[in-house]
Asker: 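Before I ask anything, let me first share the structure, which is written out below as structure tokens.
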Protein chains: 4
Amino acid sequence: MKKLGVKDRIIETASDLFYNNGYNQTGINQIIDEAGVAKASMYMHFRSKEDIAVAYLKRRHISWVSDLQDFVSNQITNREKLIASFDYLDSWLSSVNYRGCGWQNIITDLPHDHDKIRDQAVLHKNDVRVWVHSLLKDEDNLSDNEAMQLGDELVILLEGAIILSQIQKNKWPIEVAKRAAKKLLK
Amino acid sequence: MKKLGVKDRIIETASDLFYNNGYNQTGINQIIDEAGVAKASMYMHFRSKEDIAVAYLKRRHISWVSDLQDFVSNQITNREKLIASFDYLDSWLSSVNYRGCGWQNIITDLPHDHDKIRDQAVLHKNDVRVWVHSLLKDEDNLSDNEAMQLGDELVILLEGAIILSQIQKNKWPIEVAKRAAKKLLK
Amino acid sequence: MKKLGVKDRIIETASDLFYNNGYNQTGINQIIDEAGVAKASMYMHFRSKEDIAVAYLKRRHISWVSDLQDFVSNQITNREKLIASFDYLDSWLSSVNYRGCGWQNIITDLPHDHDKIRDQAVLHKNDVRVWVHSLLKDEDNLSDNEAMQLGDELVILLEGAIILSQIQKNKWPIEVAKRAAKKLLK
Amino acid sequence: MKKLGVKDRIIETASDLFYNNGYNQTGINQIIDEAGVAKASMYMHFRSKEDIAVAYLKRRHISWVSDLQDFVSNQITNREKLIASFDYLDSWLSSVNYRGCGWQNIITDLPHDHDKIRDQAVLHKNDVRVWVHSLLKDEDNLSDNEAMQLGDELVILLEGAIILSQIQKNKWPIEVAKRAAKKLLK
DNA sequence: AATGAATGAGACTTCATTCAT
DNA sequence: TATGAATGAAGTCTCATTCAT
């Protein structure tokens, strides 16, 4: 394990804590203790706790989207890739004990003025939406408009599967969403 | 305006604050101040902040489900009622500026040991699920199993529409979910 | 020594520290440590550090003015009382090692938004000014206008004596001011 | 606009901040940010924050005394020059919104061990005192002793006018001090 | 049944200074 | 000469809960 710089150690530690324990449940002191960093060092790299959360979400976005695309890459058709997205949810969420989506989790119980965090959530969800649209737009039998409409429906299913599996601590919502997705994709 | 008892005043005040400002953002002091109640009086009626949240969720469950059923009551067929459920989401969520679902919001960023709150979320979601199932089971052309499967798919769409409209601060996810629901219902 | 309540202990401790060590040099932690009070108890009684300073200044105002009036009370004429005011400065300031005036000290290096503290300083200085005026207005040979003009001149001498004795750590400015006051009073 | 060296930039920036915002309110980081200087560079030129304050006070002393002397230079007699000193206070203090005297401000709320700063305040006030004395010593009708006594009285009036105008945020104390000075000067 | 004072533990943030390059 | 990362200590303030009356 190679030695990380202070900033990376902070992001990594905070990411674990924010995702697994929650943003409000994670204090600055816990982050610096576990990262082995002085408090003022942390505030050299991040102006506020919210900024750490932004860094966490940015980093997570890159790896999450990358993992998703890797997961579905061995599927041949775009439709198959989209169906496989639900298998990705399954493998991901069961591996984190249905802890749910980092962006959903952080956005639902947030002080009203934390706009930078909200922005990250919107960016993340938009990127996923655009990716879904792009896969469908390459399909011959769909107009651009149809592709976007169908894509949005799949996006809703993905979101619903994530949040409901988190509440139920069970994978059935993912399976249900996958089945519904298959129906909608014909 | 009739005078409320202490306990009711606490629940009512806390409900507003928990839903609109968030559970972690709402302090005990704010609740008792706005409710006009002494602190120790509050702790006479509720063992902890978590218990207030449980009372809030119980009360909200009753009124939310009741509002939903009222909203769809003028629809004739059960299928129409289910479609109208998405219109209910629309009217509800736009009226609260897309603040989202009280149970989703409270469950996503919660200390790990708050099981009583988690239980309420599960109860709420199960009741909605059972209600959807029951409407479909009355439909002649569906087997019980088909009714449950289809119902679960609708439930996923409802959940996805709520959370995504909250993130996007927009109603489009609700419209999309409604369109998808219509397709699935044939 | 009778046992003081928490609030009084806080004010008393803070008063000592604010006056002798300075407002900015005195931390909340030092106050609660020396007062033997929990931090949250302090914030129950005072909304902020600034509010403690206001309480300190209010209490100090009462005792300072009272001490001044006691000190000069054995003088017969009002002119003699005013002259004796400079002797009061002498005895007071030498007893506190020329630490200077609590209001001057706190107002000169203060964050810009501490208006409540500034208000207290203005109130204090105005009360002293009014007292000086009132003594002179009772003098037969002065019109009201002359009394106010002469009084203001004495007030300036008092202020100048205080601040300069503090900088010089010496009583000569007080003696000089007294001599000038005698001249102005004829 | 000529380019300043690092040290001068630091002093200039710190001077603005110390005088206008206060010594305790001005942080090292703000100084280096606004001066555009690296932190360690600053500590190369100054051993501590206190040393920057000393440099600030030294530079301010030169310019302040010089401005005063320029202001009164067109007066013919020394008595007129001294009277005009109060006009200088007026023009200076109103131009800085009655921010008061840099030395008074920094000395009143200072950690106890900042002797170098205290020394600067004493030096400054002594220089002013000596200047006042020197003007009066040149007057034919005063003995050296009378000149010093009268000079000290004027000094007290100057000090009192400065601090009281700062507290009152008003020029009346300056006018009053000027009137008293005229009386004392006969 | 009801009060509000008191609490210990923690929240987030900033301080002036030093170190390693 | 110059840099900016890193630090320990301290800053002000808030948390949910309990105690004494």
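These values consider heavy atoms only, across backbone and side chains, with no hydrogens, waters or symmetry-generated copies. Convention: sequence-line order gives letters A, B, ...; per-chain numbering from 1.
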Asker: Is the NZ or CZ atom of C/K49 both under 6.0 Å from the centre of the six-membered ring of C/Y43 and within 45° of that ring's axis?
Answerer: no
Asker: Using atom types as modelled and distance alone, determine if a side-chain donor or acceptor of B/N20 lies under 3.5 Å from a backbone N or O of B/D16.
Answerer: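 Indeed, once roles are kept as given, a pair shorter than 3.5 Å links the two residues.
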Asker: Tell me: NZ of A/K7 to P of F/dG4, nearest whole Å?
Answerer: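 Whole-Å distance recorded here is 14 Å.
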Asker: Under 3.5 Å, is there a donor-acceptor pair between the side chain of C/N24 and the main chain of C/D109?
Answerer: yes
Asker: Specify the separation, in whole Å, of atom CD1 of C/I52 and atom P of F/dT12.
Answerer: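 Those two atoms, CD1 and P, are 9 Å apart.
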Asker: Take atom CG of B/D51 and atom C1' of F/dA16, then tell me their distance rounded to the nearest Å.
Answerer: 13 Å
Asker: E/dA20 pairs with which nucleotide, Watson-Crick or G-U wobble, both distances below 3.5 Å?
Answerer: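 Base-paired to F/dT3.
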Asker: Check each of A/Q120, A/K125, A/H124 against A/H61 using the side chain to side chain donor-acceptor pair (under 3.5 Å) test, and report the only one that passes.
Answerer: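 Exactly one candidate clears the test, A/H124.
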Asker: Expressed as a whole number of angstroms, how long is the span from A/I32:CD1 to F/dA6:C1'?
Answerer: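 Going from CD1 in A/I32 over to C1' in F/dA6 covers 13 Å.
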Asker: Hey, does B/V37 reach any base, or is it just sugar-phosphate, or nothing, if we go heavy atoms under 4.0 Å?
Answerer: nothing
Asker: Would you kindly give the CG-to-P distance between C/N21 and F/dG11, to the nearest whole Å?
Answerer: 12 Å
Asker: Among E/dA2, F/dG4, E/dA6, which nucleotide has an atom closest to any side-chain atom of C/M44?
Answerer: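 Minimum distance to the C/M44 side chain belongs to E/dA6.
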Asker: Looking at F/dT1, I'd like to know if its phosphate oxygens (OP1 or OP2) sit under 4.0 Å from a side-chain N or O belonging to D/H45.
Answerer: no
Asker: Under 3.5 Å for both donor-acceptor distances, Watson-Crick or wobble: does F/dG11 have a partner, and if so which one?
Answerer: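 Result: E/dC12.
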Asker: For nucleotides 12-15 of chain E, list the nitrogen or oxygen atoms of the protein found under 3.5 Å from its nitrogen or oxygen atoms, one pair per line.
Answerer:
from	atom 1	to	atom 2	distance (Å)
E/dC12	OP1	A/K49	NZ	2.7
E/dC12	OP2	A/I28	N	2.5
E/dT13	OP2	A/Y43	OH	2.6
E/dT13	OP2	A/K49	N	3.0
E/dT13	O5'	A/Y43	OH	3.4
E/dT13	O4	A/K39	NZ	2.9

Asker: When you measure from the side chain of C/S15 to the backbone N and O of C/I11, does any donor-acceptor pair fall under 3.5 Å?
Answerer: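 Yes: the side chain of C/S15 pairs with the backbone of C/I11.
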Asker: Can you measure A/D33 atom CG to F/dT7 atom C1' for me and round it to whole angstrom units?
Answerer: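 After rounding, the gap between these two atoms is 15 Å.
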Asker: Does F/dT1 have OP1 or OP2 sitting under 4.0 Å from an N or O in the side chain of D/S41?
Answerer: no
Asker: Give a yes or no on whether the backbone of D/I162 and the side-chain of D/Y98 come within a donor-acceptor separation of less than 3.5 Å.
Answerer: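 No, the answer is negative, given that no donor and acceptor are paired below the 3.5 Å cut-off.
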Asker: Starting from C1' on F/dA6, measure out to CG on A/D8 and report it in whole angstrom.
Answerer: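 Going from A/D8 (CG) to F/dA6 (C1'), I get 16 Å.
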Asker: CD1 of C/I10 versus P of F/dT12: gap in Å, rounded?
Answerer: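 Interatomic distance, CD1 of C/I10 to P of F/dT12: 14 Å.
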Asker: Look through every strand shown and name the nucleotide pairing with E/dA1 as Watson-Crick or G-U wobble, where both distances are under 3.5 Å.
Answerer: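 None - no nucleotide pairs with E/dA1, as no candidate has both distances under 3.5 Å.
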Asker: Is it the case that over 12 heavy atoms from other parts of the model lie below 6.0 angstrom from the NZ atom of A/K169?
Answerer: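 More than 12 heavy atoms, drawn from other residues, nucleotides or ligands, come within 6.0 Å of this atom.
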